[in-house]
Every structure is written in C-alpha cells, then in structure tokens.
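The figures that follow rest on heavy atoms only: side chains count, while hydrogens, waters and symmetry mates do not.
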Amino acid sequence: MPIDCKAKCGNRATLKRPKTGDALCKACFFAAFEAEIHHTIISSKLFRRDEKVAVAASGGKDSTVLAHVLKLLNERHDYGLVLVLLSIDEGITGYRDDSLETVKQNRDDYQMPLKILSYEELYGWTMDRIVAQIGRSNNCTFCGVFRRQALDRGAKLLGVDSIATGHNADDIAETVLMNILRGDTARLRRCTDIRTGGGGEDSIPRVKPLKYSYEKEIVMYAHYKKLVYFSTECVFAPNAYRGHARAFLKDLEKVRPSVIMDIIYSGEQLRFKDTVKKPVRGICERCSFVSSQQPCKACVLLEGLNRGLPKLGIGKKSKGDRMIAKQNQELALRERANIVKNDF
C-alpha cells in the first residue's frame, strides 16, 4: 500500500529515513537533510562571513556530499564563504589515482578551485613504498598521521581560515569506540568536538558540518541527487583497526538504530578528573606544524622511513630511542672499521 509523505506535502513517500524512521518523498528528504546541516553550521557557529574554507576532498561520498551541500547552503543562505577543494594524493595505485579523477569532476561540477598535494612531494614517500617497507600492519598509522599534517600544509598554502572535513556521525561514533577500547583519553576528550584546532596563528581549525548526518543518509542523498563519487574502499583498509569498531557499531545499530547518536552524545558528556594528564598542543621544532609531542609524530615516522627503521614511530618513544641509539652505534662501528681499513 502506498504511504503518504510524513511531511504532509501531498506526495507519496519514496524512502524511509534511517535516522528518524520517517517515510518521506525525495524532495522532503532533501529539504530535511540540508536543513539539519544548516542548523548544525549555524548553531555551532562553524563559519564567519567572508571566510575562505578548504573542503577536504577525497572523491568519496562524504566529501562529495559535503562539497555539494556547502555550495548549495552558501548560496541559499548567503554565508558569504569562499570555497576551495583540497585533496591529498597518498600514492596508492588503483585507489587514489582513480578517486582523484572524481575530485576533478567535483571541481568542474561545483566550480571550485582545486589544490592537490601528494605525499611524494611533501615527504618523498608514497603509501605504496611505505607499505613495501612496513607491511600491511600499522600502515594506516602512517597514512593517517601524514594525511592530517598534509591537510594542514595544504591549508597553509591556500591561506584558508578553516578546513571542512566529511566526518559523519558513524565516523565519530566509531572513533569514540576506538578510543574507549584503546584507553586513549587524550583523543577521547576531543574526538566528538565539532571544531578542533585553532586558537593560534599556526593552527588552522577543522570543522565537521556532517557531524550529525548518518552515513546511510549521505549515501541516499548522493544516490537520489545523482552525485558523482568514488565508492571503492582503500586497498590497505581491510587491516585497519577502525574496521573492527565499524563492524561492532553496525551490529549494535541493527538492535538499536539510535545507537550512533547515543554514542556521540555520551562522548560529548564525558568529563575527566583534573588528575588525568592532558597533552599540551604546541609547535613541532622540526616542521613547525601543530603537535602535542616533540618532535611531532609525522617527523618521527618520516625519520624512521629515511633511516631504514620503519617501525621507529610505532609504539613507545623509549623503544624508538633505543632503536636510534643502536643504529647510531652500528654506524659508528662501521665508520671506525673503515678508518682502520684505510690506514692500511
């Protein structure tokens, strides 16, 4: 039996919203989805008029919908924003090279300037080469750390006021679960923040306009709007720790559809004792980008790759210090042996 749209617009319902369970027609779903993102932007004061905003574009569904909706709302509500696309090429054959073609299509469709930065030009390494060194274990650590800093580097080059990322409600709920399971109180404290960073001349804030948008609804919006996006999963992703949190969350969602929002709200309400050690955000002495340690994680991982010690930045700092000391000792012994050999 046909069902009327719950918005009482007179049309027949064509879909059921995963977030609310409401039966809506396509037009009312679009209006509700866009209105919620507009409310998130306005209530959280994510942007100021005349700001230049970089949309972190990967070519996937989240960043494509984010770019489309930001352009739409910017024109509809006169935010007065200057929007640009910023994409990072990690150097993953068969994945990123293909998705960048979608990003270029987004550039043409939405008439936004596009800047592409690669790991190769920033760090002298591609993810393909890194995985060849480190293996399939811990490779997402390298990619995540380098990608976060690469976005900062790109934003600084473009001179933007903030970076808008496509993190959705599912992503944030997964991150809350991951940080609880790892006992990472530092990240657990800030992972639900809709705005991170900022507060200093060298720190460009990041905002999450899709924070309260369900992944399923983002897919539905992209599908019914006929948006062009890249849907292939990263070839290295199956081994990521996040995958276990995602599978667990999907199992919970089958039993309780509201669990995604429940986890986010729980994360927002968490409070820690004053005795809990808090990381102090500063500036890395080597690369001059934001970090809570000296040197920053990106510089440590890069040093390990360049030294031929790819696991240098994996695990405790004391372990890495021992690896460096051992290598330095071996190099000193080799140099001494060469000197003795040359004397003869």
Output yes when a side-chain donor or acceptor of [X] lies under 3.5 Å from a complementary backbone atom of [Y], and no otherwise.
| X | Y | value |
| --- | --- | --- |
| Asp128 | Thr93 | yes |
| Asp97 | Gly94 | yes |
| Lys61 | Tyr229 | no |
| Gln105 | Val228 | no |
| Asp170 | Glu215 | yes |
| Arg286 | Cys296 | no |
| Ser99 | Gly59 | no |
| Asn106 | Thr64 | no |
| Asp184 | Arg187 | yes |
| Glu285 | Gln294 | no |

Quick one: does [X]'s side chain get under 4.5 Å of [Y]'s, heavy atoms only?
| X | Y | answer |
| --- | --- | --- |
| Arg76 | Glu34 | yes |
| Lys311 | Ile134 | yes |
| Glu253 | Tyr214 | yes |
| Leu249 | Val259 | yes |
| Arg12 | Asp4 | yes |
| Asn11 | Lys26 | no |
| Val131 | Phe142 | no |
| Asp98 | Glu101 | no |

Euclidean distance, [Y] [atom2] relative to [X] [atom1], rounded to 0.5 Å:
| X | Y | atom1 | atom2 | result |
| --- | --- | --- | --- | --- |
| Ser87 | Arg107 | OG | CZ | 11.0 Å |
| Leu73 | Thr40 | CG | OG1 | 10.0 Å |
| Thr14 | Phe29 | OG1 | CZ | 9.5 Å |
| Ile172 | Ile264 | CD1 | CD1 | 5.0 Å |
| Lys104 | Ile116 | NZ | CD1 | 5.0 Å |
| Leu305 | Tyr123 | CG | OH | 11.5 Å |

Should we say atom [atom1] of [X] is surrounded by more than 12 heavy atoms from elsewhere, each under 6.0 Å from it?
| X | atom1 | answer |
| --- | --- | --- |
| Lys16 | NZ | no |
| His77 | NE2 | yes |
| Lys115 | NZ | no |
| Lys6 | NZ | no |
| Ile3 | CD1 | no |

Path from [X] to [Y] over hydrophobic side-chain contacts below 4.5 Å:
| X | Y | answer |
| --- | --- | --- |
| Val53 | Leu158 | no |
| Tyr95 | Ile130 | yes |
| Ile218 | Met261 | no |
| Phe33 | Val55 | yes |
| Ile204 | Leu70 | no |

Heavy-atom pair of closest approach, residues [X] and [Y]:
| X | Y | value |
| --- | --- | --- |
| Ile92 | Cys234 | CD1-SG, 3.9 Å |
| Met112 | Ala67 | CE-O, 3.5 Å |
| Gly166 | Leu66 | N-CD2, 3.8 Å |
| Lys208 | Cys191 | NZ-O, 3.2 Å |
| Leu46 | Glu51 | O-OE1, 4.2 Å |
| Ile163 | Ala155 | CD1-CB, 3.6 Å |

Practice item. Apply the test side chain to side chain contact (heavy atoms under 4.5 Å, CB included) to residues Tyr212 and Glu36: give CA-CA distance (whole Å), side-chain angles for both, the deciding distance (0.1 Å), then the verdict. Key: CA-CA 8 Å; Tyr212 298 112; Glu36 287 181 3; over 6 Å; no
Exercise for review: Show your working on side chain to side chain contact (heavy atoms under 4.5 Å, CB included) between Tyr119 and Arg147 and close with a plain yes or no.
Suggested key: CA-CA 8 Å; Tyr119 283 6; Arg147 182 177 176 80; 3.2 Å; yes
Check your understanding: Yes or no on side chain to side chain donor-acceptor pair (under 3.5 Å) for Arg242 and Thr175, after CA distance, side-chain angles and deciding distance?
Key -> CA-CA 8 Å; Arg242 179 176 289 275; Thr175 304; 3.0 Å; yes
Exercise for review: Output, in order, the C-alpha distance, side-chain angles, deciding distance and verdict of side chain to side chain donor-acceptor pair (under 3.5 Å) for Arg129 and Gln133.
Suggested key: CA-CA 6 Å; Arg129 288 179 57 207; Gln133 289 284 326; over 6 Å; no
Check your understanding: Do Leu188 and Val176 pass the side chain to side chain contact (heavy atoms under 4.5 Å, CB included) test, and can you show the C-alpha distance, the side-chain angles, and the key distance before you say yes or no?
Key -> CA-CA 6 Å; Leu188 185 56; Val176 171; 4.1 Å; yes
Review point. Can you list the steps and then say if Leu151 with Arg206 is a side chain to side chain contact (heavy atoms under 4.5 Å, CB included)?
Key: CA-CA 10 Å; Leu151 283 174; Arg206 299 188 186 193; 3.7 Å; yes
Exercise for review: Report the residue from Arg48, His38, Arg49 that forms a side-chain hydrogen bond (donor to acceptor under 3.5 Å, both in side chains) with Tyr79.
Suggested key: His38
